[in-house]
Structure formats: structure tokens, C-alpha cells
Number of protein chains: 2
Amino acid sequence: MSLSDPAPLKPFIDKLTARSRLGAVEQQAMLALPAHAVQVQPNHDFVRLGEQVHHACFIVAGLVGRIGLNRDGFRQITAVHIPTDMVDLHSVVVPKASSALQALSVVTILRVPHVALREMTRLHPAIAEAFWRECVVDAAVLAEWVVNVGRRDARGRLAHLICEIAYRIEGAGHSVGLFVPFPVTQGQMADMVGLTPVHVNRMLKRLRDDEVVDVRSGTIRILDWTRLLDVADFDPAYLHLPETDGAPADETEADRPIRPALSS
Amino acid sequence: MSLSDPAPLKPFIDKLTARSRLGAVEQQAMLALPAHAVQVQPNHDFVRLGEQVHHACFIVAGLVGRIGLNRDGFRQITAVHIPTDMVDLHSVVVPKASSALQALSVVTILRVPHVALREMTRLHPAIAEAFWRECVVDAAVLAEWVVNVGRRDARGRLAHLICEIAYRIEGAGHSVGLFVPFPVTQGQMADMVGLTPVHVNRMLKRLRDDEVVDVRSGTIRILDWTRLLDVADFDPAYLHLPETDGAPADETEADRPIRPALSS
DNA sequence: CGCCTTCTTGAAGGATCTCAAGAAGGGTGG
DNA sequence: CCACCCTTCTTGAGATCCTTCAAGAAGGCG
């Protein structure tokens with residue numbers, strides 16, 4: 001292990017065990033995984049399109065975007081990854097990168113060799129299944145992004161993105177009350193929702209003027225959670241978060257002013 | 001086996017072995033899988049949103065859409081599945097449906113019980129890995145759809161959709177020369193690319209008038225493959241088809257009037 | 001302090017949507 | 001085999017949302 005932290009992958013194990021049943025043996029095996037810490041500067045592609053990948057990347061800090069590119073140079077971010085996410089677990093079974101991975105802020109990643117991961121999944125089928133499940137959940141999020149970009153207007157798209165990020169950051173334990181850290185520029189947000197930076201700016205202003213959310217200087221400040229969920233047309237079920245899986249309908253009840261999990 | 005066909009899942013095995021190495025033992029196990037044939041009428045949801053699923057569905061004939069819904073009633077099709085696709089392999093590890101599955105035409109599916117699939121993946125880790133890989137490829141297609149809907153204009157979106165369908169149908173061996181069967185209405189195509197049916201109609205007319213593709217009465221007729229690829233800004237690498245994986249760049253060479261695999 | 005990126009706002013243009021109405025197509029029953 | 005119905009296709013005209021172009025303000029970093 002090349003880190004001072006004795007168990008850098010512990011957060012990843014916690015995330016996996018929230019959705020998959022893993023015994024002590026499996027958890028031990030994962031803790032023993034070799035990992036190499038790397039820091040990546042903003043806007044740097046640490047995985048390039050078409051490249052053959054030999055490591056999976058776990059995010060310790062910062063935000064990562066999965067980048068789709070147009071011939072005309074238009075960018076589309078197809079997925080955002082936050083700390084505790086294993087960004088390209090899919091590369092374990094499909095090592096050729098079908099999209100680039102780019103740091104959206106200063107990012108610390110842990111590179112875990114495929115050989116070690118493959119040896120581990122060979123010895124522990126339960127881990128293989130857990131990895132498969134994580135990939136399926138990521139795909140469910142992708143499907144929701146298609147809906148978001150395809151069938152919501154600009155304001156709804158941004159509100160939906162904000163809701164998703166708020167839920168996920170909160171789930172990772174990184175939000176403070178109604179303040180959610182989200183250090184991206186308006187241009188990057190534009191690339192997430194398929195709009196221009198100028199229009200993102202206008203819509204964020206409108207959401208702020210309407211006292212729904214205040215997105216500024218790298219943090220989301222939720223002003224009216226109920227109305228935000230309404231504007232976003234948001235149902236967190238697709239995220240398959242442990243808390244929301246049981247009663248997704250209750251989460252959007254209109255008579256609850258603030259989402260409990262997000263209040264301090 | 002409830003079918004007269006002695007090996008109804010054979011096409012699925014062929015598709016899997018194109019991307020994953022499976023031995024004779026694994027293939028035998030898959031052939032022995034129980035399957036129950038069902039016919040579904042167009043526009044019928046055979047899997048509903050939020051439902052607990054106990055079978056995975058293999059398409060024998062017809063087209064299936066994965067449906068995302070808006071509160072305002074707007075539909076977005078997030079994925080299209082063609083014969084030889086296992087539509088919801090993901091349900092094996094995440095049985096709660098995060099989107100509905102709807103027949104887009106008259107569809108014949110084979111329902112394979114999860115219990116049988118899970119028992120098989122338990123006994124044959126190589127099959128589990130192959131299933132995981134299929135899910136990852138499906139996710140790569142989803143990511144490309146986000147790019148398509150987010151960063152291409154109406155004409156490009158339709159052209160891209162048509163290219164993808166042409167490649168996939170051709171890969172399944174269902175196209176005849178430059179004619180590709182695609183029995184969907186313009187309204188359904190609109191739901192795939194996030195447009196209105198009216199605008200789909202106009203853009204298809206334009207593609208036809210420009211002698212690029214002729215999409216009519218349930219079939220795609222490719223008039224100028226090179227220009228279609230150009231208009232679509234299409235690179236088939238993301239489909240991870242066996243033929244194209246080796247030399248994806250060659251596929252779009254401008255001096256080739258017709259894609260070889262699609263000519264009769 | 002100065003530079004560079006990002007944010008902000010305005011005005012005009014364009015792509016897509018909405019509304020509407022007629023034509024064409026496919027299936028069904030007389 | 002024809003008549004009818006219902007869905008889908010087609011086309012037009014006006015409205016709307018988002019983009020483009022532009023320029024100044026604010027913010028972060030050396």
C-alpha cells in the first residue's frame with residue numbers, strides 16, 4: 001500500500017456493502033487491494049478515449065466527469081463521479097475506454113490494478129456480483145440522464161442535476177446541512193445538461209431569484225427543497241440509495257419542507 | 001423447455017461468445033436454461049416501473065423500448081432492444097425495475113427465471129462475467145445516447161440513431177443489403193431522440209430529399225452510407241461489435257461508398 | 001496589481017415546438 | 001371487395017425556448 005492511510009478503500013467497501021451483502025472474508029480481501037494514489041489537475045484527461053486501461057480509479061477527493069465528444073468539438077459530460085465512486089469499474093470487463101475521464105476539479109484518485117481486481121473477483125464471486133451491481137446502478141443513472149436531457153426544459157434539467165448531486169453527495173456524507181459542495185463551473189454544468197453556459201447562467205439566476213436553490217462559488221445551497229424537487233420532477237428511486245430504496249414515494253411528499261437527511 | 005425450437009437461446013449464446021470467451025461447458029449450461037415464450041402487443045408495458053422482476057427477457061422477434069417518463073407525461077425512450085438482445089440482464093442483480101419495458105412492435109420474448117440465471121452464474125463464474133460485460137456494453141450505448149440527445153441537432157440525432165440501429169440490426173443478421181427493418185412510428189423515433197413527432201417527420205423528409213437515408217414504412221433504406229455516417233458523426237466503436245473493435249477508424253473512410261457488411 | 005478565467009446581462013437570430021388540418025395508410029366489418 | 005375508422009404521416013404558420021454574439025463586471029491567483 002502506497003498510502004499513509006491504513007485503509008484508503010474503506011469508503012468504497014462501505015458503499016458496496018450498502019447495496020450488496022459481503023462477508024468479512026470479502027471485505028478483508030478488498031482492504032488488502034493494492035492502490036496507488038495520484039493527483040490530477042482540473043481539465044486533465046487521465047483516461048483518454050479508446051485507450052487500453054489497466055487500472056480502475058477510485059475517487060478520494062474531487063469530481064470526475066465522463067466526457068463524450070462531438071466531431072464539432074461540442075462536449076457532453078455523460079456522468080459525474082464524486083468521492084467514494086469507483087469511476088471506471090466497467091473497465092475491469094471492458095478495458096478499452098469508450099469515453100474519456102476528466103478531472104472537473106483537483107482530484108485525488110486511487111489507481112487499483114485490473115490484475116488485482118480480476119484475481120479478487122475470481123476468488124470471491126460475491127465481489128464480482130457486487131461490482132456488476134454497481135455498474136448496473138451507474139447505468140440506471142445514465143438512463144435517467146437521457147430522460148433529463150431529452151425531455152426536460154433548461155430549468156428542469158438543472159434542477160434535476162442539482163437534486164441528483166445533492167442526494168449523492170449527501171449519501172457520501174459530504175454535505176453540511178443544506179449546503180452541498182459542488183465545485184464546477186457553469187460551463188461544466190452546461191456540458192452536463194446539454195445547454196450553453198450563458199443559458200445555464202440565466203436559469204441558475206432564475207432558480208436563485210425564485211428562492212429555490214442558490215448555486216454559487218462551487219456550492220449548492222438549497223433554499224426550498226420541496227419546490228426544488230417539484231421543479232426537477234425528481235424521484236430518487238433510480239439512484240438505488242439504501243435509504244430511499246424502501247419508500248421512494250415518501251421522499252417527495254409535499255408537506256415536508258426539508259429533506260430530513262439533508263437538514264443539519 | 002416450453003418451445004418447439006430445440007435451442008431458442010442459441011442466438012444469445014452466439015452474441016455472448018462474440019465478446020466473451022465461454023467454454024463448451026458454459027454453453028451447454030446456457031442451452032439447458034428454462035425459458036417461457038410470451039408474445040406482447042405493441043405499446044404494452046411487460047415490465048412496469050418500480051416492479052419487482054423475477055425473469056430476464058430475451059427478444060426473439062420485434063423491438064422493445066426502455067421507457068423513461070416525465071411527470072408531465074412526456075416519454076423518453078432510453079434504449080432500444082432488438083432480437084438477440086437480453087433486455088434486462090441487469091435485473092438479475094437489481095431486480096427492482098428502474099424503468100418500464102414496452103413492446104414497440106409485436107414482440108416475442110423468452111422469459112428466463114432469475115433463479116435459473118443466478119444458479120448458473122453461481123456455478124459458472126465465466127458466465128457471470130460475460131453477463132456483467134453485456135451490461136457494461138449496454139451502459140456504453142446509454143452514454144452515447146446522452147451525447148446524442150445533449151449535443152446534436154435534430155438531423156444529426158436521427159442520423160445517429162439510424163446508424164446505430166443499422167449496425168446493430170446488421171450485426172444480428174437481420175438486414176437485407178441496404179434495407180434495415182425498423183418497424184417503429186415517427187412518434188416512437190421522436191421519443192428516442194427527444195424531439196416532437198412533427199419535427200422528426202420534417203428531418204426524415206430532409207434526409208430523404210438529400211438522398212442520405214429513406215426511412216419509411218418500417219424500414220430504413222440507406223441511400224448514401226458515407227454521407228449518413230458524416231451527418232450522424234458516427235463512430236461505431238462504442239457498440240463494441242466484434243467486427244468493428246479491431247479497426248474502428250477504417251469504418252468511416254470516405255472513399256468507401258457502401259459499408260461492406262451492409263451490402264448484399 | 002494585473003492577468004485570465006468565469007460570471008453576468010443584453011439583443012438578435014435560429015432551431016424546435018405548438019397548433020391545426022388535410023392526406024395517406026392499415027385494419028375491420030359489412 | 002368496398003366502406004369506414006383510426007392511427008400515422010405530412011405540411012403550414014406562428015410562438016417559444018435556447019443559442020449566438022458581444023461586452024463589461026467579478027473573482028481567483030501569481
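Quick note on labels: first sequence line is chain A, next is B, and so on, each numbered from 1.
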Enquirer: What side-chain donor-acceptor pairs closer than 3.5 Å can you find for residues 197-205 of chain A, not counting sequence neighbours?
Expert:
unit_1	atom_1	unit_2	atom_2	d
Asn201(A)	ND2	Gln186(A)	OE1	2.9
Lys205(A)	NZ	Asp209(A)	OD2	3.1

Enquirer: Among all residues two or more places apart in sequence or in another chain, which pass the side chain to side chain donor-acceptor pair (under 3.5 Å) test with Asp153(A)?
Expert: none
Enquirer: Give me the first and last nucleotide of DNA chain D, going 5' to 3', that has any atom under 4.0 Å from a heavy atom of chain B.
Expert: dT8(D) to dA13(D)
Enquirer: My understanding is that only residues two or more places apart in sequence, or in another chain, count here; which of them pass ring pair (Phe, Tyr, Trp, His ring centres under 6.0 Å) with Phe182(A)?
Expert: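 For Phe182(A) there are no ring pair (Phe, Tyr, Trp, His ring centres under 6.0 Å) partners, ignoring immediate neighbours.
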Enquirer: For the helix from dC1(C)-dG30(D) to dG30(C)-dC1(D), measure the angle between the helix axis at one end and the axis at the other, each built from five pairs, rounding to 10°.
Expert: 50°
Enquirer: Mind checking side chain to side chain donor-acceptor pair (under 3.5 Å) for Arg155(A) and listing every partner two or more places apart, or none if nothing turns up?
Expert: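 Result, side chain to side chain donor-acceptor pair (under 3.5 Å) vs Arg155(A): none returned.
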Enquirer: Go through the structure and list residues passing side chain to side chain donor-acceptor pair (under 3.5 Å) with Ser98(A), not counting sequence neighbours.
Expert: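 Here no residue qualifies.
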Enquirer: Any salt bridge (Lys or Arg N to Asp or Glu O under 4.0 Å) pairs touching residues 178-188 of chain A, not counting sequence neighbours?
Expert: none
Enquirer: Nearest-Å distance, CG (Leu204(A)) to P (dT9(C))?
Expert: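 Going from CG in Leu204(A) over to P in dT9(C) covers 11 Å.
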Enquirer: Is any side-chain heavy atom of Gln76(A) closer than 4.5 Å to a side-chain heavy atom of Asn148(B)?
Expert: no
Enquirer: Can you list everything that forms a side chain to side chain donor-acceptor pair (under 3.5 Å) with Arg208(A)? Sequence neighbours excluded, please.
Expert: Asp214(A)
Enquirer: Output every pair passing salt bridge (Lys or Arg N to Asp or Glu O under 4.0 Å) with a member in residues 185-200 of chain A, not counting sequence neighbours, ordered by first then second residue.
Expert: Arg75(A)-Asp191(A), Asp191(A)-Arg151(B)
Enquirer: Could I get the full list of side-chain contact (heavy atoms from CB on, under 4.5 Å) partners for Ala232(B), not counting sequence neighbours?
Expert: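 Ala232(B) satisfies side-chain contact (heavy atoms from CB on, under 4.5 Å) with Ala159(B), His160(B), Cys163(B), Phe234(B) only.
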Enquirer: Could you run down nucleotides 15-20 of chain C 5' to 3' and tag each one B, S or - for protein heavy-atom contact under 4.0 Å?
Expert: -BSBB-
